[in-house]
Amino acid sequence: MLINPLKAGTGGADRAHIEAVIYEASKGTRFFEEQKRRHARTADRIARLKAHAARVTRSDLAEAEQTIAHRRAAIEAAVLSDVDADGRPRVMVHCDLDAFYASVHEVDEPQWRTVPMAVGGTGGDGVLTTANYVARRFGIRSAMPTWIARKLCPQLAVLDLDFAKYRVAAAKVRTVFSRYDPRFRSASLDEASLDLTPYLAEHPELTPAQAVEAMRAAIHAETGLTASAGIAANTMLAKIASDANKPNGQLLVPFDRLGILAFVGALPVRKFPGIGAVTDHVLDAFGVLTGADIAAQMPFLWTILTPALRDYLLCVSMGVPSGAALPPAPPGASSTPGGDAATRRSGISSERTFKSTASLAFLQAMLRDQCATLADDLRRSRVFARTLTFKIKKESFAVLTRSRSTNGYVRTAGELYRHVEPMLLAVVREHRPPTQWRLLGVRASGLVGENADGMTAGVRVGVRVGGNDGGNDRDDATRDGRRSDAVRRRGGHP
DNA sequence: ATACATACC
DNA sequence: CACTGGTATGTAT
């Protein structure tokens with residue numbers, strides 16, 4: 001009613017309109033109020049950093065410059081050694097499918113191609129998982145609540161998720177990836193990271209860009225889906241580049257050092273994987289907007305930021321994935337904030353949002369449900385847990401967690417519940433007058449299991465080898481009881 | 001070890 | 001009125 005929908009999302013004025021609609025819709029909601037509290041906390045953090053910055057001396061900066069110079073030298077040395085067997089630099093590719101879930105539905109039912117459509121988010125408090133590109137022109141995004149999306153676009157079609165369908169499509173795409181790199185890695189259904197070096201060695205007639213064009217064409221021919229890709233000297237740069245010409249495009253980042261520095265130097269800091277909205281805001285407060293700003297202000301940033309963040313910034317501002325050439329030093333040393341895909345699973349969790357309630361009986365029943373779901377997942381993953389974390393969210397969206405490490409290892413729903421129920425009772429008791437709660441969940445970590453996923457040696461003690469895949473979970477409690485002493489001695493998993 | 005915060009899909 | 005769920009990891013205490 002406010003705007004011509006044909007023009008929505010196509011220009012600055014429409015962007016302002018979209019922001020206004022979102023603001024008007026969310027203003028005054030509990031979610032919005034919680035966002036404001038979080039912004040206030042970030043503002044506090046910035047104020048503390050500025051106070052700290054005011055006390056930074058010349059000699060602090062000089063010392064930081066020394067350290068940085070050494071780190072830079074070490075990083076460059078490590079990067080120079082990152083070549084294939086023949087001494088050629090590696091050609092890394094990051095590829096991800098455009099609006100994957102939505103596109104899968106469009107392939108099956110082409111009528112969705114021309115209308116605004118999104119997937120997921122059914123039910124009262126749902127949020128959308130993906131929107132097609134028609135819907136995106138209205139400002140609709142993944143993670144947007146359905147009711148706000150409908151304010152932006154009343155005619156939006158919202159489809160149910162169909163993971164079986166997505167898995168089939170993803171499997172087809174993976175056969176294409178595997179032709180280009182049989183060892184490709186996927187962090188999710190819709191993306192992959194490939195090392196194209198061996199393929200290119202076998203196809204000297206192809207440039208990297210031509211090979212990737214062909215790979216994307218094959219994906220399209222075999223699935224009807226479009227993909228975007230980035231080509232670069234390392235996975236981080238390739239991932240950033242894959243976003244640059246989306247949808248259905250690709251970008252090659254130069255492979256020479258100066259070209260790489262020019263590319264990262266021009267990037268807004270928010271584009272670096274690991275820098276999210278909060279860190280972006282913090283850096284912005286210090287005038288750090290781009291990769292070049294990071295590099296230029298490195299000595300100053302070094303003196304005020306935490307070790308993992310400053311080391312991460314140093315690496316990425318050089319166009320190198322974080323963690324390159326870490327000093328011999330500390331065992332728990334840094335890696336990228338926000339994580340990077342290629343690590344084994346360290347925890348499993350289950351949580352659920354519900355209509356806010358203060359009823360303890362309801363919360364207990366919900367907790368039992370989550371424990372049952374988690375127990376199933378643990379069993380399917382053939383692991384046991386040593387640490388349990390209880391999570392609960394107030395109606396106000398404030399989140400509380402309580403965690404406890406057990407002796408021995410647990411997996412059955414009953415055992416999980418026995419460990420976490422006291423946390424629920426304690427939290428509820430601490431809140432007087434009674435509080436309304438909107439979500440609750442359980443997370444299991446400190447996992448130990450069978451050999452799958454590179455679990456530790458505790459594995460063989462913890463689970464009878466080949467002996468528990470019969471689906472008979474009835475006696476888990478007994479087996480846990482027998483097992484715990486032996487397992488306990490093994491301790492110390494990474 | 002525990003609680004909370006940030007990030008990514 | 002109304003804003004997910006799963007996983008990883010960093011920071012502070």
Side-chain angles (χ1 to χ4, degrees), chain A residues 22 25-35 37-38 41-42 44-45 48 96-97 99-101 120-130 141-151 161 166 186-191 239 243 270 272-282 305-312 322-323 332-356 370 373-374 377 381 386-393 395-406 423 427 438-447:
Chain A
I22 294 172
S26 48
K27 184 177 64 172
T29 63
R30 296 182 222 278
F31 180 83
F32 184 86
E33 294 303 312
E34 175 62 15
Q35 292 308 109
R37 286 189 286 275
R38 290 186 183 177
R41 256 173 275 155
T42 304
D44 273 0
R45 185 176 149 201
R48 283 197 307 276
D96 67 50
L97 287 315
F100 179 53
Y101 296 169
T122 49
D125 51 2
V127 302
L128 303 175
T129 305
T130 325
R141 296 288 179 271
S142 50
M144 179 178 275
T146 309
W147 61 272
I148 291 181
R150 290 200 191 285
K151 293 209 181 224
L161 289 161
Y166 312 145
S186 270
S188 61
L189 279 182
D190 70 334
E191 66 176 35
K239 183 173 168 117
D243 184 58
R270 184 68 172 80
F272 292 104
I275 297 185
V278 174
T279 309
D280 183 32
H281 191 197
V282 170
L305 298 179
T306 52
L309 180 56
R310 68 197 192 186
D311 204 76
Y312 166 78
S322 62
S334 50
S335 71
T336 89
D340 76 28
T343 42
R344 78 173 188 293
R345 185 136 82 151
S346 80
I348 303 179
S349 61
S350 175
E351 67 185 47
R352 183 74 85 202
T353 298
F354 40 82
K355 192 165 120 53
S356 290
Q370 298 315 301
T373 304
L374 182 59
D377 288 352
S381 305
R386 218 173 78 66
T387 301
L388 299 176
T389 302
F390 168 73
K391 172 178 172 180
I392 190 164
K393 192 189 283 182
E395 186 183 35
S396 69
F397 286 87
V399 176
L400 303 175
T401 60
R402 294 291 180 271
S403 85
R404 206 182 109 195
S405 296
T406 67
M423 305 186 211
V427 168
R438 75 185 325 274
L439 166 150
L440 146 176
V442 195
R443 179 170 180 81
S445 55
L447 303 183

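Just so we're on the same page: letters track the sequence lines, and every chain starts at 1.
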> What nucleotide among dC9(B), dG6(C), dT2(B) has an atom nearest to a side-chain atom of S405(A)?
Replying inline: dT2(B)

> E191(A) CD to dT7(C) C1': how many Å, rounded?
Replying inline: 13 Å

>> Using the side-chain heavy atoms of D190(A), tell me which of these nucleotides is nearest: dC9(B), dC3(C), dG5(C).
In response: dC9(B)

>> Testing the basics here: between V278(A) and R45(A), what is the closest heavy-atom pair and its distance to 0.1 Å?
In response: CG1-NH1, 3.6 Å

> Expressed in angstrom and rounded to an integer, what is the separation of D377(A) atom CG from dG6(C) atom P?
Replying inline: 8 Å

> Which is true for R141(A) with a 4.0 Å heavy-atom rule: it touches a base, it touches only sugar-phosphate, or it touches nothing?
Replying inline: nothing

> Just checking A143(A): base, sugar-phosphate only, or nothing, at a heavy-atom cut-off of under 4.0 Å?
Replying inline: base

>> What's the gap between dC3(C) and dC8(B) when it is taken at their P atoms, as a whole Å value?
In response: 24 Å

> Sequence neighbours excluded, which residues qualify as side-chain hydrogen bond (donor to acceptor under 3.5 Å, both in side chains) partners of S405(A)?
Replying inline: T387(A)

> For the pair made of CZ in R48(A) and P in dA12(C), what is the distance, rounded to whole Å?
Replying inline: 9 Å

> How many Å lie between CD1 on I148(A) and P on dT4(C), as a whole number?
Replying inline: 11 Å

> dT7(C), dG10(C), dC3(C): which one has an atom nearest the side-chain heavy atoms of I348(A)?
Replying inline: dT7(C)

> Considering residues at least two apart in sequence or located in another chain, which fulfil the salt bridge (Lys or Arg N to Asp or Glu O under 4.0 Å) criterion with R30(A)?
Replying inline: E395(A)

> Is the CZ atom of R402(A) crowded by more than 12 outside heavy atoms at less than 6.0 Å?
Replying inline: yes

>> Mind checking if K239(A) touches a base, just sugar-phosphate, or nothing, with heavy atoms under 4.0 Å?
In response: sugar-phosphate

>> Applying a 4.0 Å non-hydrogen cut-off, can you work out what R45(A) is touching in the nucleic acid: base, sugar-phosphate, or nothing?
In response: sugar-phosphate

> Between the main-chain N or O of I275(A) and the side-chain N or O of R270(A), is there a donor-acceptor pair closer than 3.5 Å?
Replying inline: yes

>> Treating T401(A) as the side-chain partner and F390(A) as the backbone partner, does any N or O pair qualify as donor plus acceptor under 3.5 Å?
In response: no

>> So, OP1 or OP2 of dA2(C): does either fall under 4.0 Å of a side-chain N or O from R30(A)?
In response: yes

>> Nearest to the side chain of L400(A), heavy atoms from C-beta on, is which of dC9(B), dG5(C), dC4(B)?
In response: dC4(B)

>> dC4(B), OP1 or OP2 - any side-chain N/O from R402(A) closer than 4.0 Å?
In response: yes

> Quick one: I275(A) CD1 to dC9(B) P, roughly how many Å, whole number?
Replying inline: 14 Å

>> Nearest heavy atom decides the nucleotide; on that basis, is F32(A) or T306(A) closer to the 5' end of DNA chain C?
In response: F32(A)

> Can you check whether S26(A) has a side-chain N or O nearer than 4.0 Å to OP1 or OP2 of dC3(C)?
Replying inline: no

> Taking the side chain of R443(A) as heavy atoms from C-beta outward, which of dA8(C), dG6(C), dA1(B) is closest to it?
Replying inline: dA8(C)

>> Distance check, rounded to the nearest 0.5 Å: T279(A) atom OG1 versus L309(A) atom CG?
In response: 6.0 Å

> What does R404(A) touch in the nucleic acid at a heavy-atom separation under 4.0 angstrom: a base, only the sugar-phosphate, or nothing?
Replying inline: sugar-phosphate

>> Does a side-chain N or O of K391(A) approach OP1 or OP2 of dT2(B) to a distance below 4.0 Å, or not?
In response: no

> With sugar-phosphate meaning primed atoms plus P, OP1 and OP2, does L189(A) contact a base, only sugar-phosphate, or nothing at under 4.0 Å between heavy atoms?
Replying inline: nothing

> Quick one: is dC9(B) close enough that its OP1 or OP2 comes under 4.0 Å of any side-chain N or O from T129(A)?
Replying inline: no

> Looking at dT11(C), dT6(B), dC3(C), which one has an atom nearest to any side-chain atom of V278(A)?
Replying inline: dT6(B)

> Starting at the 5' end of DNA chain C, which residue's closest nucleotide do you reach first, S346(A) or L439(A)?
Replying inline: L439(A)

> Checking all strands, does T389(A) fall into the base, sugar-phosphate, or nothing category for heavy-atom contacts under 4.0 angstrom?
Replying inline: nothing

> Expressed in angstrom and rounded to an integer, what is the separation of E351(A) atom CD from dG6(C) atom P?
Replying inline: 6 Å

> Between T401(A) and dC4(B), is there a side-chain N or O to OP1/OP2 distance below 4.0 Å?
Replying inline: yes

>> Taking any heavy-atom pair under 4.0 Å as a contact, classify S403(A): base, sugar-phosphate, or nothing.
In response: sugar-phosphate

>> Rounded to whole Å, please give me the gap between CZ in R438(A) and P in dT4(C).
In response: 5 Å

> Just checking F397(A): base, sugar-phosphate only, or nothing, at a heavy-atom cut-off of under 4.0 Å?
Replying inline: sugar-phosphate

